[in-house]
Amino acid sequence: MNSLITKILSLRCLEHLIVDEDFKIVELSTRVHHLSEIPDHLTIEQDVRLGFPELFGMEEIFEAIRQGEQNNFDLKGIVRYPEDSSPIYIDICITQNIEDACSSNRLMILVEDVTERMVLEQSFVQGANEANLLLRTLTASKQYIDQIVTSMADALLVTTLSGQIKRMNPAAQALLEYNEVELRGEPISTIIRGVDSWKSETGEKEVETDCQTKSGKIIPVAFSCSIVQTEVEHFQGYVYILRDMTERKQAELAKQEFLAMISHEVRTPITSITGMANLLLDTDLTDIQQDFVQIIDTSGNALLRIVNDFLDFSKIEAGKLELEEQPFNLQNCVYQAFDIVASKAKEKGLKLTFVDPPVSTIVLGDITRLCQVLVNLLSNAIKFTHTGSVEVSVTIPKSIDRNNEIQFAVKDTGIGIPRDTEGCQGHRLDRLFKAFTQVNASITRQYGGTGLGLAICKQLCDLMGGRIWVESEPNVGSIFYFTITASVIREGVGKETIDVTKDTAIDARIAEQHPLKILLVEDHLINQKMIQLMLQGMGYEANVASNGLEALLALRHQPYDVVLMDVQMPEMDGLTASEHICQEWTLDTRPRIIALTASAMWGERDRCFASGMDDYLTKPIRVQELVQVLKKCQPIITIEEGRRKKEEVYIWGLEPQIKTGDLFHGRGIKPPQGNG
Ligand code: ADP
């Protein structure tokens, strides 16, 4: 073979052999031996099939190529030589002799070492198989995730890091009434209200808000958001899960309404029972009758406490209790709690003291709720103490900033609380703050109670950013500690211990020192009597109207300083009446309106203030509370008018009930005649 062809073949790493029609080798390249299992047979004149046994049985193919019926034929072979070496893969090509293709009977056999290519090919195949497997796994896992997302009952939206909507599941499409294409690329804030401020302020937790649907419907939702962080930017962003709260809200509303109804329906008759019992106690009764009435009074009050506790507990449980943030005097808050329990302490001969009251310390918080915790703890302390004292102390941190932990302690010298009998110290004491827990059955039998008081205290302390705990020694006494987190606006220093049990009686000269003309608007006869009685105890004589409409007419006839306004009344309720009063008179000329409501439900207080009322009392009205709100009211009438009205005082003192009865005779309301 000419040297050029030999060179080209060797450049392409092709070894060659030329054979005659008897398969005898007539020419061979020098390195072809490396590609044969029996290299010794590869010599001139030898049968090529001995060196390459793969060629046995190929005789017809050789002949066909020789006859020009086909150009070439490829076959593969493996060479294992020496035996323990790794195999060499070869490609064998039988073809016409390139040099003398037409005339010669000789054929050329090209042999190529394809081991590298084969290994490469095999690893490609293996790689492809692995990739295939991976793809199938990925596809299955995508299907798996897709099916989870699709079958989710909650709406799911995926956004980019900058908040553009990328994906949403069918639940989201159903909730929002949009399909995915319509919302793709839109900012999430167009759907979820307040989402931006939420993310920066509160971190990743569930929050309640509203979302707006395509048709403009506002739906209450609870949503959570979490960040998705992967190495690929395309797969980074946020996942929002929205839960439709409509049904839950409706159920909550129904529960609220039910509780409000129960609150009103149950509290009102109880109030009547205790009110009438109180009135009866002041009449001439035999000893045995006194005992009976006393039992009615005590039981009525106990029942009322239970109803109130249940209402409070369920209200806080539902997360519906919103705390007020108003500046108030810390010392006054404690005194307000004392006012409520002082008579009981005095009755039991217990000393009720305030150790080092923080004079004129003003903090920002919810005075009512703080007072409620104090009243609960003080009531317990008084209830479980037979002799000695109950004292309150307050610790305010030295350095004052926005979030101060203010600590209160209510200490008694009572029966104490036994430690856990199994030696698990403190366990039993902790349990007391769980709902419906009492120390033991015999204590419950002796002292009564629902076991809700301390649970409510704990919930309230939690809400006020604090905690509650107790230290107690049986037969020595207990100290209930609790903290709240509040901003201290102004500091004051406590110096002396005040004994508030020394003087708890209501001063009958309050009206003299603080004269006010009062209109009581109340439809319930017994409540009318009871409140009038309380007012009389302070020296006030109030006029009475039995609904909002009558109240308006009475106010149009002459000015009053204070209107004690029941909320639920026939004809016109207290809220509507207050709105009318605020529209008709200016702030200087209108009376202060104090809401009287039997409903302790959330929202009631807000509704009262929204209608223009100035203060709020929950039935049963306590004398101390009434005194407190009345003291906040100022006469609105001018001095001259006052002088004129003073002359009429005795008239107001005369049977006010009869006077208003005359005034609003039947349904046809007519203005009072002359001086009545
Ligand atoms: P209750 O309405 O039954 O009083 P609480 O939750 O207020 O419910 O109190 C739970 C129990 O804790 C009480 O029944 C009583 O056994 C115990 N307890 C609470 N305060 C005191 C106290 N100052 N001294 C002794 N025991 C107390």
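Everything numeric here is computed off the predicted structure, so don't read it as measured data. Atoms within a ligand are numbered from 1 in the order they appear, just like the ligands themselves.
Within 6.0 Å of CZ on Phe609 lie more than 12 heavy atoms contributed by other residues, nucleotides or ligands.
Heavy-atom contacts of Lys383 reach the following atoms of ligand 1: 4 (O) (cutoff under 4.0 Å). In the vicinity of Phe480, heavy-atom distances shorter than 4.0 Å reach the ligand 1 atoms 19 (C), 20 (N), 21 (C), 22 (C), 23 (N). Numbered from 1 in the order shown, with element, the atoms of ligand 1 that lie under 4.0 Å from a heavy atom of Ala381 read 23 (N). Proximity to Leu452 (heavy-atom distance under 4.0 Å) selects the following atoms of ligand 1: 6 (O), 8 (O). Within ligand 1, the atoms closer than 4.0 Å to a non-hydrogen atom of Ile417 are 25 (C), 26 (N), 27 (C), numbered from 1 in the order shown. If you number the atoms of ligand 1 from 1 as listed, the ones under 4.0 Å from a heavy atom of Gly416 come out as 25 (C).
At a 4.0 Å heavy-atom cut-off, ligand 1 does not touch Leu377 at all. Of the heavy atoms in Leu454, both backbone and side-chain atoms come closer than 4.0 Å to ligand 1.
When the options Ile510, Leu516, Ile518 are evaluated for a side chain to side chain contact (heavy atoms under 4.5 Å, CB included) with Leu535, the one that passes is Ile518.
Atom CD1 in Ile484 sits 4.5 Å away from atom CZ in Phe408 (nearest 0.5 Å).
Contact annotation: Phe433 has no heavy atom less than 4.0 Å from any atom of ligand 1. Not a single heavy atom of Gly414 sits less than 4.0 Å from an atom of ligand 1.
For ligand 1, none of its N or O atoms has an N or O atom of Leu432 under 3.5 Å away.
Taking both residues in full, the closest heavy atoms of Ala595 and Met613 are given as CB-SD, 3.2 Å, listed atom of the first, atom of the second, then distance. Nearest heavy-atom pair, Asp210 versus Pro220, reported as atom, atom and distance to 0.1 Å: OD1-CA, 3.5 Å.
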- Message: side chain to side chain contact (heavy atoms under 4.5 Å, CB included), that's the test. Do Ile396 and Asn404 meet it? Break it down for me.
- Response: CA-CA 8 Å; Ile396 303 163; Asn404 297 285; 5.6 Å; no

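Salt bridge absent: Glu208 and Arg248 never bring a charged side-chain N and a carboxylate O closer than 4.0 Å.
Ring geometry for Phe433 against Phe480 counts as perpendicular: the plane angle is over 60°, on a 0 to 90° scale with 30° as the lower cut.
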